[in-house]
Trainee: 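So that we are looking at the same thing, I have put the structure below in structure tokens.
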Amino acid sequence: MRAHRSSVVAALAAVTAVTAVAGCAAKNDGKGGGKGAIEVTATDSSCELSAKEFPAGHVRFAVQNKGSKVTEVYVYAAGDRIVTERENIGPGTSAEITAEIKAGSYEVACKPGMKGDGIRQKVTASGKGAPAERDPKLDAAVAAYRHYVQEQADQTLPAAQKFADAVKGGDVAAAKKTYALSRVGWERTEPVAESFGDIDPKVDVRADGVEKGQKWTGWHKLEKSLWEEKKISGDDKKLAGQLITDLKDWQKRVGKAEITPTSMANGAKELLDEVATGKVTGEEERYSHTDLVDFQGNVEGAEKAYELLKPVVAKNDPALAKELDKQFKAIRALLDDHRDSKSADGFASYDTVGKGDRKKLSDGVNALAEPLSKLAAAVATTK
Amino acid sequence: MTEHEGTTTEDAGAARTAEGHAPSRRSLLGWGGAGLALGAVAAGGTAAALRTGGDAQPAGADATSRSAVAFHGRHQAGIATAVQDRLHFAAFDVTTDDRDELIALLKEWTKAAARMTAGDTVGDGAVGGLAEAPPDDTGEALGLPPSRLTLTFGIGPTLFEKDGKDRFGLKGRRPEALIDLPKFPGDNLDTARSGGDLCVQACADDPQVAVHAIRNLARIGFGKVAIRWSQLGFGKTSSTTPDAQTPRNMFGFKDGTHNLAGTDTAALDKHVWVADGAAKGKESWMAGGSYLVARRIRMHIETWDRTSRKEQEDIFGRDKAEGAPVGKKHERDAPHLKSMLPTAHVRLAHPDSNGGIRILRRGYSFTDGTDGLGRLDAGLFFLAYQHDVREGFVPLQRRLAANDALNEYIQHVGSALFAVPPGVRGADDWWGRELFA
């Protein structure tokens, strides 16, 4: 849980503002609307469009599913951000999708069987204010990162379900065993989850972060019941169900998160900030002392973002890439020192980690986070 | 006065105001004629009537506390330099085991130190640059004058050898005088506040400037070094300028009356600087350097405050009002040691009781809040420079630790010794270059 808005949130707010302005302008000049919807003809093996270039603004897609499988249609912006989508379009049925689309390049995808990346077509919305073309390598990095984030959310749900089931069943021991593991996917991708603003305070808030009038929900409330009160109340069982509902919301919204190469880079740094402010101090998991599991998750998530951006970083700032490779390796080795095969989550309880070792971990985080803070600059400047 | 004093690098013409450059600290000051004004002060103190920018203070009144101290020279600044009001001292552990990486860091540190002591920002500055990236300089000293910042660099014994390991191929170059300090009676040393592979002493007349310097050096060092401990100090407890009023320590006494003067070059050569002749062979890199002892001395403030004035004065061997030695009228009257108690602090510490030993003290008072038991966590952060601790601090502290009446009210809780290399000679030189040569 973070007290401040992450830069991802700030970036999202800025982009939203731009979108709104572009939307209004397009509406006013009356272009792109009217009867001329773009026809999308979907089959089991094709995805045809009546127009691949259209004016920016209020755009309608009239979808016809002529295939034998249920399909869905997505409009993706660069980096695979979902601009709009419609699921469950049955065989032989049609559906209409509308969206405010600003000038730029997009992809329309039909997904027969509602699986995979879909059959894609490149489309262009023309008009003023088109964003500058980005290095395709960076778009690929963003798309791959979004894929990773989605995968983490998808994998979190069953792990969280296991935990929730244990809580609902009143099984304290089983709930304790599954608690930390249910959080790993979340910890790996936290800055993206935080960018939605409303999910994080529901699922990952700590006691001291609860605002007046806010009900304390989520993982840490259950953590307190399990380790501090050592029992599961009726309310806790309801909260376990609520946790799953909120996580499903997160899973659904990941595709629409605004992710840019710099927000990815700064998100990686923010993951290390999470480690520095919450995990190294033992504040995050104050009852369960499973901080090292979160620590590892944060580091893995940061490393993933870095690995995806690395082709660009290695070209723009080879010394930085070298330093980051070295520091990621060093922090992994430091974490390895605290592995415990007897523990359910693979790590030693953080309350057994002495002052000297905590200092070493803290120094390791500083050593990695400082060069990591230069990652955004390295991907923002093209040489 | 050494060559560091009286010279000022304050130069408005050097402040970069050209378009496209992020403003430096100095260029933000808006002193059109500051360089000229300070130059005039340096030349003869005739600029008292000149005013700096919109400040109501005459330039002459604050020129000394605002100006820059030259970074380059035969000796490092911050030793004989007139003592500034504030301190941020940091001891570092070297976390890399790569010699080249350590050398690269020392070069980078030296570059940043030269800039900061001149009142400039680190790297590309604190503002401007990419919006998505953190600035090079942390920015809290933006708009502040150089404030006589000095950064003094030292090397601890553990850089040469630690746990029997020759860490950077330097073992053979460890100077004889860079000993492992013996344990003194009464020491209650906290290892987390002691030792260190490297140190940087930041002194300035503005605490913000001193803290900014250490913070930025620490940031540059992440991944190669980590701060082991650091100490903030205020209210310099000794003076290297005899004409200035002797400051009082946390016990309310004037301390350091007979400290070495920064202008007494003969005494400095004799007691503080490592002479060229003394630094031969493996130690040649220390010629012109010095040795720094740092001790965190906790004072039992509350019990002291409950002690009668007579006892307080007997313990020190001076009166509280004037600082005059026992039986004398004025602070600077020559003390008659035999009329003091045999356990009096001044009597025991005086050069006449120690075979003429003199050290240059540069300590500061500190208060780190309260200790959890409601007692002020305060005392003296003792800093002293000398050419050989085996003749200086060690015998002196042995005598004090065994006999000093003050021991009832103080406890040494942190300790470190550093070899302070000679000064950085020019733009291509760097801290410790000759050691790594």
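Labels below follow one simple rule: chain letters A, B, ... track the order of the sequence lines, proteins then strands, and each chain is numbered from 1.
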Trainee: Between chain A and each of B:A133, B:A131, B:P134, B:A192, count heavy-atom pairs under 4.5 Å; write down the option with the most.
Mentor: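 Highest number of heavy-atom pairs under 4.5 Å: B:P134.
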Trainee: Have a look at A:E258 and tell me which of A:R146, A:R253, A:R81 forms a salt bridge (Lys or Arg N to Asp or Glu O under 4.0 Å) with it.
Mentor: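 Considering A:R146, A:R253, A:R81, a salt bridge (Lys or Arg N to Asp or Glu O under 4.0 Å) with A:E258 is found only for A:R81.
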Trainee: Counting heavy-atom pairs under 4.5 Å with chain B, which one of A:K374, A:K359, A:K269, A:K360 comes out on top?
Mentor: A:K359
Trainee: What part of A:K355 lies closer than 4.5 angstrom to a heavy atom of chain B: side chain, backbone, both or neither?
Mentor: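 No part of it gets close to chain B.
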Trainee: Please classify the contact of B:I227 with chain A as side chain, backbone, both or neither, using a heavy-atom distance under 4.5 Å.
Mentor: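 Contact with chain A is through the backbone of B:I227 alone.
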Trainee: Only one of B:F382, B:Y364, B:W229 passes ring-ring contact (aromatic ring centres under 6.0 Å, His included) with B:F89; say which it is.
Mentor: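 It is B:W229; the other options fail the test.
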Trainee: Going by atom types alone, do A:D351 and A:S349 pair a side-chain donor with an acceptor below 3.5 Å?
Mentor: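 A:D351 vs A:S349: donor-acceptor pair found between side chains.
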Trainee: So how far is it from A:K310 NZ to A:E307 CD, rounded to the nearest 0.5 Å?
Mentor: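 So the gap between those two atoms works out to 5.0 Å.
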